[in-house]
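Worksheet: one structure, shown below.
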2 protein chains.
Amino acid sequence: MSPKATIYDIAKELNISAATVSRALNNNPKISESTCKLVIETAARMNYKQNKLAQALKSGKSHNIGVIVPRIDSNFFASIIRGIEEELYPHKYNVIICQTHEDEKREIENINTLLNTQVDGILMSVSNMSSENDRVIEKVLEKKVPVIFFDRKKNIHGVSSVTINDFGAAYAATKHLIEQGSSKIAYFTGDRSLEIYENRFNGYKQALIDSGLNLKEDYVIQTKSNVEAGKMAVKKLLKLKDKPDAIFSASDFAALGAIQELKSQGIRIPEDFCVVGFGNEPFTEFMELSISSVDQNTMEMGKVAAQVFMEQINNTDKNSKIEKKVVLNAELLIRKSSSKESK
Amino acid sequence: MSPKATIYDIAKELNISAATVSRALNNNPKISESTCKLVIETAARMNYKQNKLAQALKSGKSHNIGVIVPRIDSNFFASIIRGIEEELYPHKYNVIICQTHEDEKREIENINTLLNTQVDGILMSVSNMSSENDRVIEKVLEKKVPVIFFDRKKNIHGVSSVTINDFGAAYAATKHLIEQGSSKIAYFTGDRSLEIYENRFNGYKQALIDSGLNLKEDYVIQTKSNVEAGKMAVKKLLKLKDKPDAIFSASDFAALGAIQELKSQGIRIPEDFCVVGFGNEPFTEFMELSISSVDQNTMEMGKVAAQVFMEQINNTDKNSKIEKKVVLNAELLIRKSSSKESK
DNA sequence: CTGTTAGCGCCTTCAC
DNA sequence: GTGAAGGCGCTAACAG
């Protein structure tokens with residue numbers, strides 16, 4: 001039993017041609033049932049495995065797709081990837097994972113590597129807004145390899161995207177805080193050159209306006225998405241003359257940091273101060289003081305991104321370019337950190 | 001500019017042969033500097049990308065590896081995968097992700113798919129102990145495709161593994177509880193047909209024995225790794241005549257459930273009851289009552305698994321089979337849920 | 001129904 | 001230094 005049997009080995013074994021073996025293995029109806037059965041048995045006996053590399057080379061379809069994310073070890077991206085993998089599994093697509101670590105060079109490298117690997121499509125959450133990266137993506141499209149953005153997207157002609165309704169979710173979160181009686185609501189944002197953060201900011205702003213509240217520049221703080229950053233930001237806020245009475249944070253981690261710092265300064269939550277995060281990280285639910293947050297519908301985002309990809313490659317009409325913009329709903333989950341009534 | 005340029009396109013453009021183009025692109029020293037430069041420039045201009053499929057078919061190395069895990073959206077597996085990806089990135093290996101969802105059939109399918117895809121190696125955390133799956137893995141080895149287990153392993157001849165010192169960690173955790181004054185320590189286990197859980201159980205048992213304590217069958221409860229299961233298990237324990245005064249849980253999630261249930265029954269932690277989990281899930285650190293846990297050194301586990309894989313494929317000596325068993329250290333992190341002094 | 005042939009894109013002897 | 005030819009494993013067109 002040679003390490004790797006090919007259809008030729010099977011053909012020789014049975015004194016038939018390789019083409020017949022190939023056909024039998026692919027259930028070609030023109031093959032007699034007897035030879036078909038014989039081939040399949042022999043293949044199993046010889047531990048034959050079809051070489052998809054050869055098949056891919058021949059057909060031009062590798063049945064691999066590439067997924068590019070900033071990092072995989074975050075609940076957010078991991079569950080999107082789970083969604084993608086599960087959706088694509090029945091279609092026999094493999095998922096190749098790449099991490100950028102938010103590095104623009106790495107993002108370009110990843111795209112090129114995936115192209116070399118002949119992936120049939122690229123699903124990505126962009127790390128970088130540079131226009132050089134735009135050009136690289138445009139080159140991908142020239143090669144007729146579909147690109148689909150999820151969550152962090154750019155506006156590039158011909159690229160579909162799947163996102164959540166960041167504006168609406170931020171609007172709802174802010175409104176909720178206002179309804180809880182808060183009127184001085186601070187906002188923690190991520191890098192606003194990314195659409196998601198810009199949209200969340202706009203939702204926040206609009207909710208204030210619609211409630212007759214003013215946007216205070218001092219209340220808007222850019223933070224990294226980690227606990228320490230949340231603490232720092234609260235320290236800044238509490239130094240203001242006119243201190244806020246609530247925070248809407250675009251990051252759950254920063255929200256957690258904020259809560260820890262507020263508590264350590266003796267401020268009671270939610271009685272004196274309400275906090276809402278974003279992302280529905282597992283810990284927000286697990287805390288004794290559970291944290292209100294926005295669920296980003298991650299599994300669904302992954303699944304839909306995969307579905308859009310499938311539509312794209314099944315679109316045989318080469319003239320009509322599909323460019324789909326799916327916006328999923330994101331649900332505000334109200335928990336203890338912002339529920340005055342229940343307490 | 002055609003969708004996908006090949007070396008033939010470049011050759012035609014420059015009126016040279018494809019072989020020369022190939023050599024130039026691969027920095028073959030025999031090529032004159034001028035043509036080399038010319039080729040590289042033209043390739044860039046034509047947006048040429050080397051087709052790794054063809055290269056792989058020719059060379060027999062795909063530069064892809066497969067990673068099989070029960071699920072990817074758990075902090076544990078996601079960060080192992082991160083480690084693997086980062087370690088392999090400089091070596092130009094791509095990572096293909098497969099999920100089994102603990103399903104034995106799925107595990108076999110995944111292995112076969114990866115084999116079809118011609119991966120150069122398979123890194124996996126086993127989902128199933130059935131001997132049918134053993135045979136499938138043995139067939140992989142026959143094809144000279146290295147297999148490496150991480151965390152959940154089996155003993156199969158020729159398969160290397162990377163695990164943590166589950167016995168030692170469980171021993172340390174149990175000892176720690178005893179030192180805190182607990183003498184009636186319950187244990188939540190996972191499926192003991194998996195080595196990791198068996199080893200943790202043995203560590204627990206040995207620590208009891210070494211401290212002159214008896215193992216009580218009633219105190220050992222098999223739980224799923226989720227919050228609800230932890231609550232259920234505590235309910236069972238509190239119905240016993242001789243109630244325990246501490247829990248060592250092989251799952252952080254079950255530990256969390258246990259804590260929630262204990263608190264709701266008015267039992268004070270850590271004063272009346274200590275709890276230690278396993279896994280160092282992010283939330284264990286974030287809780288107001290932070291949960292003691294064992295850090296499983298996940299990133300490192302991934303990196304080392306990748307390193308072992310690299311060693312394996314670089315081992316040209318076909319006679320000597322490498323079979324490496326790496327056991328990493330796992331650190332007990334003592335937090336509030338089991339620190340009587342500090343409270 | 002089955003065999004023959006050619007080619008997917010690349011690399012690698014073997015020539016010159 | 002460079003070109004020509006063959007083959008990695010598979011499939012599809014064309015014969016028969």
Side-chain angles (χ1 to χ4, degrees), chain A residues 2-40 42-43 46-64 92 115-120 143-145, chain B residues 2-40 42-43 46-64 92 115-120 143-145:
Chain A
S2 81
K4 302 207 182 178
T6 72
I7 49 172
Y8 286 94
D9 299 323
I10 299 175
K12 205 182 292 172
E13 185 85 1
L14 297 175
N15 270 317
I16 56 177
S17 78
T20 304
V21 175
S22 170
R23 284 188 274 246
L25 258 17
N26 290 300
N27 296 315
N28 187 313
K30 292 194 215 165
I31 298 290
S32 80
E33 202 153 320
S34 60
T35 45
C36 187
K37 205 178 151 195
L38 194 61
V39 166
I40 289 175
T42 319
M46 296 176 77
N47 192 16
Y48 166 81
K49 294 278 183 296
Q50 185 190 47
N51 185 331
K52 291 223 171 170
L53 244 37
Q55 195 187 240
L57 183 60
K58 184 90 183 53
S59 69
K61 323 236 99 269
S62 67
H63 268 243
N64 287 150
K92 311 268 183 218
L115 238 32
N116 288 342
T117 315
Q118 305 297 114
V119 293
D120 294 344
K143 291 191 185 298
K144 309 290 177 205
V145 174
Chain B
S2 81
K4 301 207 184 179
T6 73
I7 49 172
Y8 286 95
D9 299 322
I10 299 174
K12 204 182 293 171
E13 184 85 2
L14 297 175
N15 272 318
I16 55 177
S17 77
T20 305
V21 175
S22 170
R23 283 188 273 246
L25 258 17
N26 290 300
N27 296 315
N28 187 314
K30 291 195 216 164
I31 297 292
S32 79
E33 201 153 321
S34 59
T35 46
C36 188
K37 207 178 151 196
L38 195 61
V39 166
I40 290 175
T42 317
M46 297 177 76
N47 193 15
Y48 167 82
K49 293 278 183 297
Q50 185 191 49
N51 186 330
K52 291 223 171 170
L53 245 39
Q55 194 186 238
L57 182 59
K58 187 84 182 58
S59 69
K61 322 238 99 269
S62 68
H63 268 241
N64 287 150
K92 311 267 182 217
L115 239 32
N116 288 343
T117 315
Q118 305 297 114
V119 292
D120 294 343
K143 292 192 185 296
K144 309 291 179 206
V145 174

Original post:
Expressed in angstrom and rounded to an integer, what is the separation of B:Asn27 atom CG from C:dT12 atom P?
Top reply: 13 Å
Original post:
Rounded to whole angstrom units, what separation is found between the CD atom of A:Glu33 and the C1' atom of C:dT2?
Top reply: 17 Å
Subject >> For A:Ser59, side chain to side chain donor-acceptor pair (under 3.5 Å) partners two or more places apart >> reply: none
Please write out each protein N/O paired with an N/O of nucleotides 9-11 of chain C under 3.5 Å, distance rounded to 0.1 Å.
| from | atom 1 | to | atom 2 | distance (Å) |
| --- | --- | --- | --- | --- |
| C:dG9 | N2 | B:Ala54 | O | 3.3 |
| C:dC10 | OP1 | B:Tyr48 | OH | 2.5 |
| C:dC10 | OP1 | B:Asn51 | N | 3.2 |
| C:dC10 | OP2 | B:Ile7 | N | 2.8 |
| C:dC10 | N4 | B:Tyr8 | OH | 3.2 |
| C:dC11 | OP1 | B:Asn26 | ND2 | 3.4 |
| C:dC11 | OP1 | B:Gln50 | NE2 | 2.9 |
| C:dC11 | OP1 | B:Gln55 | OE1 | 3.1 |
| C:dC11 | OP2 | B:Ser22 | OG | 2.8 |
| C:dC11 | OP2 | B:Asn26 | ND2 | 3.3 |

Original post:
Got a second to check how far A:Gln55's CD is from B:Leu53's CG, nearest 0.5 Å?
Top reply: 10.5 Å
Subject >> Integer-rounded Å distance: D:dG3 C1' and B:Leu14 CG >> reply: 15 Å
Subject >> A:Asp9 side chain near A:Met46 side chain, heavy-atom distance below 4.5 Å >> reply: yes
Original post:
Should B:Arg23 and B:Lys30 count as side-chain neighbours, where that means a heavy-atom distance under 4.5 Å?
Top reply: no
Original post:
Just how large is the angle between the end axes of the helix from C:dC1-D:dG16 to C:dC16-D:dG1, five pairs per end, to 10 degrees?
Top reply: 40°
Original post:
So, does B:Thr117 use its side chain to make a donor-acceptor pair with the main chain of B:Val119 at under 3.5 Å?
Top reply: no
Subject >> Presence of A:Thr20 side-chain N/O under 4.0 Å of C:dC1 phosphate oxygens OP1/OP2 >> reply: no
**OP:** Might you point out which heavy atoms bring A:Ala18 and A:Tyr8 nearest each other, and give the distance in Å?
**Re:** CB-CE2, 3.6 Å
Subject >> Rounded interatomic separation in angstrom, taking CG from A:Asn15 and C1' from C:dT4 >> reply: 16 Å
**OP:** Just call it for A:Ser59: base, sugar-phosphate, or nothing, with non-hydrogen atoms closer than 4.0 Å on any strand.
**Re:** nothing
Subject >> Nucleotide C:dT2, atom P - distance to CG of A:Leu38 in whole Å >> reply: 10 Å
Subject >> Positive for side chain to side chain contact (heavy atoms under 4.5 Å, CB included) with B:Thr20, one of B:Ile31, B:Ile7, B:Leu25, B:Leu14 >> reply: B:Ile31
Original post:
Between atom NE2 in A:His63 and atom C1' in D:dC10, what is the gap in whole Å?
Top reply: 14 Å
**OP:** Supply the atom-to-atom distance B:Ile10 CD1 to B:Ile16 CD1, rounded to the nearest 0.5 angstrom.
**Re:** 8.5 Å
Original post:
What is the distance from CG of B:Leu115 to P of D:dG9, rounded to the nearest Å?
Top reply: 14 Å
Subject >> Short side-chain donor-acceptor distance under 3.5 Å, A:Asn47 and A:Lys49 >> reply: yes
Original post:
B:Asp9 has an atom CG; how far is it from atom P of C:dC8, in whole Å?
Top reply: 11 Å
Original post:
Under 4.0 Å: is that the gap between some side-chain N or O of B:Ser32 and OP1 or OP2 of D:dT2?
Top reply: yes
